[in-house]
2 protein chains.
Amino acid sequence: MIDIDGFDTRILAFLQDDAAVTNQQLGERIGLSASQVSRRRQRLEETGVLRRYRADIDPASVGFTVVAFVGVALDAHSRQNARRFKDLVRGLPEVQEAHVMTGDMDYLLKVVVRDLAALADFINEDLLPHDSVRNVRSSIAMETLKDDNLLPFAAGL
Amino acid sequence: MIDIDGFDTRILAFLQDDAAVTNQQLGERIGLSASQVSRRRQRLEETGVLRRYRADIDPASVGFTVVAFVGVALDAHSRQNARRFKDLVRGLPEVQEAHVMTGDMDYLLKVVVRDLAALADFINEDLLPHDSVRNVRSSIAMETLKDDNLLPFAAGL
DNA sequence: GTATCCATGCACATTCTGTGCATCACACCT
DNA sequence: AGGTGTGATGCACAGAATGTGCATGGATAC
């Protein structure tokens with residue numbers, strides 16, 4: 001693990017909340033010059049701590065109204081099946097997250113689509129036809145209370 | 001819904017993937033001048049389509065190694081209980097996402113913590129003591145295959 | 001004590017941003 | 001058809017942000 005001091009941590013905490021902040025502003029808040037913030041950011045980017053910068057788009061305003069979590073159980077736990085399923089989900093743009101899970105479902109997918117019809121299509125045409133899939137169990141998010149995806153830097157966690 | 005044309009869609013698609021791109025580069029890729037890209041971005045920001053810009057930090061490199069999904073069932077489906085639980089999860093920094101779900105679990109939380117001990121603490125000290133919570137069912141992500149949180153602009157979805 | 005290494009601040013050249021302005025295309029109305 | 005208005009566009013330019021060179025200072029090791 002790269003060594004990250006208090007300055008770095010504070011830079012990361014600010015940037016993950018608002019990446020549009022300038023190095024100057026950032027420096028004022030943490031007590032560092034803009035150039036030094038620039039250098040630290042560059043180091044954090046080069047070492048892979050800062051992976052990239054992303055725009056956060058309101059899904060509803062561009063027509064994506066349905067979020068669902070889909071649990072998937074594979075047919076046999078062979079290495080080959082797992083491999084093929086990984087390749088599948090990586091290529092599906094509707095899948096925002098895919099995790100290998102403990103418990104009775106092998107995978108948990110977070111899926112974003114335009115409407116319920118698109119969700120049905122996704123399950124029936126992308127997931128179920130894949131012959132390593134035994135069964136799926138989907139649950140729809142009726143309301144999203146929080147979706148910031150911020151690492152809990154706050155509170156010294 | 002704000003009207004968004006093809007230029008806007010392409011701007012959004014690029015920005016959600018890489019917000020560090022300059023207006024000049026963006027303009028070259030979609031066939032627009034930098035100034036016009038700037039104006040469109042400003043409009044998208046003002047109308048709330050572009051909510052904010054975030055740095056994507058590698059969780060492992062700053063010590064957050066455990067991702068878990070926690071399903072929560074409330075005791076009684078009273079409006080008051082729901083309200084209090086909402087306020088609770090909004091204030092918990094470990095919770096990256098919180099959704100109200102269909103199915104046998106009322107809520108699904110995505111939780112990020114440093115280790116399994118912190119997960120146990122979170123469940124035993126933050127969740128279970130809350131007297132509207134009936135029971136929780138947690139599942140740990142052993143491996144994350146995908147976590148881009150990109151809206152599926154690609155493929156004309 | 002001395003040498004070395006690294007973080008820091010300052011200055012400056014380069015790049016980026018966003019606004020003013022004139023032009024153009026398109027729609028609408030008479 | 002002609003005239004008018006609205007909005008999108010590109011260009012130019014002023015202001016701002018970035019990042020690199022350079023000298024300084026503090027800490028560590030020998």
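So you know, we letter chains A, B, ... as the sequences are listed, proteins then strands, and number each from 1.
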Colleague: When rounded to the nearest 0.5 angstrom, what distance separates CZ in A:Phe153 from CZ in A:Arg10?
Modeller: 12.5 Å

Colleague: Heavy atoms from C-beta onward define the side chain here; which of D:dT18, D:dA12, D:dT9 lies closest to that of B:Ser35?
Modeller: D:dA12

Colleague: Using atom CG of A:Leu32 as one end and atom P of D:dG19 as the other, report the distance to the nearest whole Å.
Modeller: 15 Å

Colleague: What closest approach, in Å, do A:Leu109 and A:Ala98 show between heavy atoms, and which atom pair accounts for it?
Modeller: CD2-CB, 3.7 Å

Colleague: With a 4.0 Å cut-off on heavy atoms, is B:Arg41 in touch with a base, just the backbone sugar-phosphate, or nothing at all?
Modeller: nothing

Colleague: With heavy-atom distances below 4.5 Å as the criterion, would you say the side chains of A:His130 and A:Arg84 are in contact?
Modeller: yes

Colleague: Roughly, in whole Å, what's the span from CD in B:Gln24 to C1' in D:dC13?
Modeller: 15 Å

Colleague: Which nucleotide, D:dG19, C:dT17, D:dG10, lies nearest any side-chain atom of B:Arg39?
Modeller: D:dG10

Colleague: Which listed nucleotide (D:dG10, D:dA8, C:dA7) is nearest to the side chain of A:Arg40?
Modeller: C:dA7

Colleague: How would you label the contact of B:Thr22 with the nucleic acid (heavy atoms, under 4.0 Å): base, sugar-phosphate, or nothing?
Modeller: sugar-phosphate

Colleague: Looking at C:dG9, D:dG10, D:dG19, which one has an atom nearest to any side-chain atom of A:Ser38?
Modeller: D:dG19

Colleague: Could you say whether A:Gln36 or B:Gln42 is positioned toward the 5' end of DNA chain C, judged by the nucleotide with the nearest heavy atom to each?
Modeller: A:Gln36

Colleague: Name the one of A:Asp58, A:Asp17, A:Asp148 that satisfies salt bridge (charged side-chain N to carboxylate O under 4.0 Å, His left out) with B:Arg52?
Modeller: A:Asp17

Colleague: Which residue, A:Asn23 or B:Phe7, contacts DNA chain D at a nucleotide closer to its 5' end, judged by nearest heavy atom?
Modeller: B:Phe7

Colleague: Take the protein atom CG of B:Leu26 and the nucleotide atom C1' of C:dG18, then report the distance between them rounded to whole Å.
Modeller: 15 Å

Colleague: Measure CD/B:Glu45 against C1'/C:dG18 and give the value in whole Å, please.
Modeller: 12 Å

Colleague: Rounded to the nearest Å, what distance is computed from the OH atom of residue B:Tyr53 to the P atom of nucleotide C:dT17?
Modeller: 10 Å

